Amino acid sequence: MGYLGEEIKKLGFGLMRLPKKDDVIDVEQTKEMVDLFMEAGFTYFDTAWAYAGSEDAIRQALVERYPRESFQLATKNAAWINCSTKEEAYAQFDTSLAQTGAGYFDFYLLHNLGEARSHYFDDYDMWNWVQEKKREGLVKHVGFSFHSTPEELEEILQAHPEMEFVQLQINYADWDNPAVQSGRCYEVARKHGKPVIVMEPVKGGMLATPPESVAELFKKAEPESSVASWAVRFAADLEGIITVLSGMSNTEQMKDNLSYMKSFKGFTKEQEAVIAKAQEALKKIPLIPCTSCNYCAKVCPMNIGISGSFTAMNYLTLYSDLGAAQKQEGWLVDGHGLKHANACIKCGKCEEACPQHIAIREQLVKVGEVLLG
């Protein structure tokens, strides 16, 4: 038996990126993937009210085809999306129950806490409301997913010790990344005795094709293993992990994940050394040395999303994916109500405040040229 009394293997099926056909979820291929997953002895499925079509697809592919007690189903409540009253936020739960047909949820999460999103859960008294759902038997375990700083995670866990688990973005590339700080967030969760569900172990697929210097290390160490497998296994090797979610998009990805996770017992010392070398190789790639301290943001008269812009540029440098970098810039700038790099008036106040002595004005020009066109 694992954490929280649930018998769960270390691989979870993330349902955010299900296969599509003609721009709609391919339920038949999803059924094939569910069957492979269940036949291999894995049982944890992760969806969300905000994942368009996902809850309905998993009803058809899983809930209607397998005994309810044979799997664990998790979904999430995003109170910060188009909810102006607590009743609208609470209604997401009823919608999820109807769409999944699951009857109850094994794991129910308050979705994507952090920054400006967190206050909605306080304003709508979601913490007490979700405990009531647990008392009603409609939820077995209550937790939250989180995207922000370790300091904010500390505040939330101090305020809400009743939360049973935390879902965190953890991967070897972001472990020491100052913009994500997944290592420090993991340490905060463990300090509070909370087991962790890992999301984004392959960083949205980016670590399936990491920089060549990193890929070469993995291929040399294990020619027969996929590069992506190192990312999933790194997360699964950590202490206190309930499961590692992999957002699989086709049958081939499912088969690859099952091939190494069915018998995974942990990393050897030699494998740990390879991961350490990969992390060092990433650090050698020249990036904008922004630590996301945001001192620059406090003095910028134009309210520009400086650190978010630099995070997106570093993303492009590391993974050579312009589309993904532009999405990062959109989320970290537009998504936080900030202005884009091309709004810079070159006053220089940001550079006076920057402890890393970055040529911010010059870098913002590059952001405008490369990411904003």
Side-chain angles (χ1 to χ4, degrees), residues 9-20 29-30 32-34 36-37 40-42 44-46 167-177 180 182-183 186 196-238 241-268 270-283 285 314-325 327-328:
K9 289 191 175 183
K10 285 289 186 73
L11 179 65
F13 189 173
L15 305 171
M16 182 179 176
R17 301 180 181 92
L18 290 172
K20 290 191 174 182
Q29 186 174 176
T30 301
E32 294 176 16
M33 296 167 71
V34 165
L36 289 168
F37 192 73
F42 295 93
Y44 191 98
F45 296 82
D46 171 89
Q167 187 162 305
L168 298 174
Q169 176 177 324
I170 293 177
N171 56 67
Y172 68 81
D174 288 332
W175 191 252
D176 293 318
N177 184 337
V180 182
S182 66
Y186 166 78
V196 173
I197 294 173
V198 174
M199 59 181 163
E200 302 291 350
V202 194
K203 201 172 173 65
M206 293 297 102
L207 297 182
T209 55
E212 191 59 32
S213 59
V214 174
E216 286 178 358
L217 287 168
F218 293 143
K219 283 300 183 183
K220 182 178 179 181
E222 293 180 8
E224 72 287 355
S225 298
S226 69
V227 173
S229 75
W230 286 89
V232 175
R233 288 180 290 164
F234 166 82
D237 191 57
L238 296 169
I241 300 299
I242 294 175
T243 196
V244 177
L245 302 175
S246 180
M248 293 170 269
S249 302
N250 55 55
T251 304
E252 290 68 32
Q253 291 176 5
M254 174 64 77
K255 289 179 178 178
D256 180 52
N257 279 343
L258 295 177
S259 70
Y260 58 84
M261 287 303 292
K262 277 193 295 188
S263 58
F264 181 68
K265 302 296 183 185
F267 270 155
T268 64
E270 291 77 14
Q271 289 169 321
E272 289 176 358
V274 174
I275 285 286
K277 288 179 181 178
Q279 290 172 319
E280 287 303 313
L282 284 172
K283 291 176 183 177
I285 296 172
N314 287 340
Y315 205 87
L316 178 62
T317 300
L318 286 168
Y319 306 110
S320 302
D321 189 326
L322 178 61
K327 286 182 180 178
Q328 281 280 304

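Note that this is a predicted model, so its numbers are computed, not measured. Numbers here simply count residues along the sequence, with the first being 1.
Side-chain contact between Q271 and R233 is present, with heavy atoms from C-beta onward closer than 4.5 Å. With a 4.5 Å cut-off on side-chain heavy atoms, W230 and I275 count as touching. Proximity of V232 to V202: side-chain heavy atoms (C-beta onward) are separated by under 4.5 Å at one or more points. Counting heavy atoms from C-beta outward, M199 and D46 have side chains that stay 4.5 Å or more apart. Counting heavy atoms from C-beta outward, K283 and D176 have side chains that approach closer than 4.5 Å. Between M206 and L318, the closest side-chain pair of non-hydrogen atoms is not below 4.5 Å. Contact of the S182 side chain with the L168 side chain is not registered, since no non-hydrogen atoms from C-beta on lie closer than 4.5 Å.
Classified by interplanar angle (parallel below 30°, tilted 30° to 60°, perpendicular above 60°), the ring pair Y186/W175 is tilted.
Atom CG of residue L36 and atom CE of residue M248 lie 10.0 Å apart, to the nearest 0.5 angstrom. Rounded to the nearest 0.5 angstrom, S249 OG and Q29 CD are separated by 9.0 Å. The distance from the CG atom of L11 to the CE atom of M254 is 7.0 Å, given to the nearest 0.5 Å. Note that OG1 of T30 and CG of N250 are 10.5 Å apart. Values are rounded to the nearest 0.5 Å. Note that the NZ atom of K255 and the CD atom of E32 stand 8.0 Å from one another [nearest 0.5 Å].
Residue A325 comes nearest to L316 through the heavy atom pair CB-CB, 3.8 Å, listed as atom of the first residue, atom of the second, then distance. Here the shortest heavy-atom pairing between V198 and A235 reads CG1-CB, 3.8 Å. When every heavy atom of A236 is checked against every heavy atom of M261, the shortest pair comes out as CB-CE, 3.8 Å. Across all non-hydrogen atoms, the minimal contact from F42 to K10 is CE2-N, 4.5 Å. For A173 against Y319, the heavy-atom pair with the smallest separation is CB-OH, 3.5 Å. Of all the heavy atoms in G41 and K9, the pair that sits closest is O-CD, 3.5 Å.
In summary, E200 and R17 engage in a salt bridge, as defined by a charged side-chain N under 4.0 Å from a carboxylate O.
Remark: side-chain polar atoms of K219 are paired, donor with acceptor, to backbone N or O of S225 under 3.5 angstrom. N171 places a side-chain N or O within 3.5 Å of a backbone atom of D174 that can act as its donor or acceptor partner.
Residue K277 places its NZ atom among 12 or fewer non-hydrogen atoms of other residues, nucleotides or ligands, all under 6.0 Å distant.
Ring pair Y172/F218: centre-to-centre distance below 6.0 Å. Between Y260 and F264, the distance from one ring center to the other does not fall under 6.0 angstrom.
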| After noting the C-alpha distance and the side-chain angles of L245 and Y44, does the key distance pass the side chain to side chain contact (heavy atoms under 4.5 Å, CB included) rule? | CA-CA 9 Å; L245 302 175; Y44 191 98; 3.7 Å; yes
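Partners of F13 by ring-ring contact (aromatic ring centres under 6.0 Å, His included), not counting sequence neighbours, listed by chain and number: F37, F45.
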